[in-house]
Amino acid sequence: MSRLDLVISGGTVVGPGWVAETDIGVSGEKIVHVGSLASASAEKIVDARGKIVIPGGIDPHTHYELYFMGAKPKETWDIGTIASAIGGTTTTIDFAPQEKGESLLAATKKQMARAGQLSVIDFTTKPIISDFSDMGRVMRGMKETMEYGVPGFKVFMIYRHQGWMADDWILFQVMRRAKELGGIVTIHAENGFIGEGMQEEFVRDGKVEPRYHGQAKPNLVENLAIQMAVNIAEITGARTYIVHQSTREGHEIVAQYRLRGLPVFVETCPHYLVLTDETFDPPERGIYYMCSPPLRKKEDIEALWSGLIVGKIQTVGSDHVAFTKSQKEEFAGVFTKIPNGFPGSEVRVPIIFYEGVIRRGMSLARFVDVVSTNAAKIFGLYPRKGVIAPGSDADLVLIDPNREHSLNAENLHMGTDLSVYEGMSIKGWPSMTILRGRIIVENEQFLGKPGIGKFVKAQIDEQILHSAR
Ligand code: URP
Ligand code: ZN
Ligand code: ZN
């Protein structure tokens, strides 16, 4: 074998369908060998004994630099993606909001150009379809965007005031078109008519504290929307992906359809797996915990873990929006006005490792499926991303299972002073992150420079998609 650029030696490697103490050889940006490399020579050898080596995390849900509900995070793409890399993520799938009058392709290209200047990890996106005034244009835009290499789209069933809420007929048309083109529709599933209707009633009655967030949008508001979305998925045959599912019932609804072979997938988020609606009180603290769907109950948390472990939930997305404390405080008077969303991209992989693998006995294989492989399979990045195999990009993360880490904002690197996990500590943290053969993080020190991340063209493969479980 010719001289390698990099060897990762003796780690516990989580490969596709196997876990073994072995070596990985890298040449240029690619993995070229998996297996013993005892006699190989290399420019650099990383001793990975005692570490767990996984394919770089793929975050299927971030919102870097999103302007939303009157606020825009101060965190820029470089700061946000450095934090993601420190936390073990090497590819992100963001969202490109379409402005009114803008084509889907223009929105997509604009965001990918911005990411190209600053991102330190590889990236792609999904345009948020939000100009419904000319659906012919939307249909054309979907085709153009897919030809550009972005096969996923995002539709919201709520957020009327943001101008994003699509009705059932719009959703139907988008999903039918996605089926025709071979794309996938990702859906924020909350019934906007009832959820926002109830929100208005609470506010009208002077019930404006954060605790009413969960009461205005109880489980059934999300479940109703999920049911509608999967029914339209069945009528149209569209590949469908429910984002940030939070209820104990939601993935069970979807599982019935998956059992019949429908290409419907579910994502949850670390915060729904850890935090409850008890955080809403006292109101001074509750304002920081406004996200949608709302945080739920302890029973939901355990049901989501079970769904994730047994394969009814396929991915974990961070839903990262790096609002600061003061940005939440600015809108504190009425819970419906507080910008929704949390920072979370840095802690996504470590929280699933600690809460899943260490505390709940989740297998390493399943851990890798939900933080990396399945997102690659669903969004058309596999096998370039999401797997440790010859020919794949050498995106690798070494996790030190014994490293303890506080989740206080001062110990994290996201561009915000807010951590919704303040006071929590976990065990297991990445000690090294490698992007396409280059060590970009070592012991939480970022070693690269802004702009080293690349846009990854994607195309969904039917068979690969169905292997996401
Ligand atoms: O509360 C959330 N999830 N904010 C970000 C936007 C979205 O709905 O995904
Ligand atoms: Zn959403
Ligand atoms: Zn989101």
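Residues: numbered from 1 along the sequence shown. Just follow the structure's listing: the first ligand is 1, and inside any ligand the first atom is 1.
Residue Met290 does not touch ligand 1, judged by heavy-atom distances below 4.0 Å. Of the heavy atoms in Phe342, none comes closer than 4.0 Å to ligand 1. The proximity of Asp319 to ligand 1, defined as any non-hydrogen pair under 4.0 Å, is limited to the side chain.
The six-membered or imidazole ring of Phe353 lies near that of Phe367, with a centre-to-centre distance under 6.0 Å. Annotation: Phe455 is in aromatic contact with Tyr148 [ring centroid separation under 6.0 Å]. Aromatic rings of Tyr159 and Phe68 (six-membered ring for Trp) have centroids within the 6.0 Å cut-off, being under it.
Taking atom 1 (O) of ligand 1 as the reference point, the nearest protein heavy-atom neighbour is Ser292 N, 2.8 Å. Closest to atom 4 (N) of ligand 1 among all protein heavy atoms lies Asn340 O, 3.2 Å.
A tilted orientation is assigned to the rings of Trp77 and Tyr64, their planes being inclined by 30° to 60°.
Among the candidates Glu190, Lys217, Arg296, His271, the single residue satisfying the side chain to side chain donor-acceptor pair (under 3.5 Å) test with Ser246 is Arg296.
Rounding to 10°, one obtains 90° for the angle at the Zn ion (ligand 2) between NE2 (His244) and ND1 (His188).
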Exercise for the section: Starting from the C-alpha separation in whole Å, work towards a yes-or-no answer on ring-ring contact (aromatic ring centres under 6.0 Å, His included) for His244 and His61. Expected result: CA-CA 9 Å; His244 52 44; His61 192 150; 5.4 Å; yes
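Put simply, His63 gets within reach of the Zn ion (ligand 3), with an N, O or S atom under 2.8 Å from it.
Of all N/O/S atoms in His61, NE2 sits nearest the Zn ion (ligand 3). Asp319 contributes atom OD1 as its closest N/O/S atom to the Zn ion (ligand 3).
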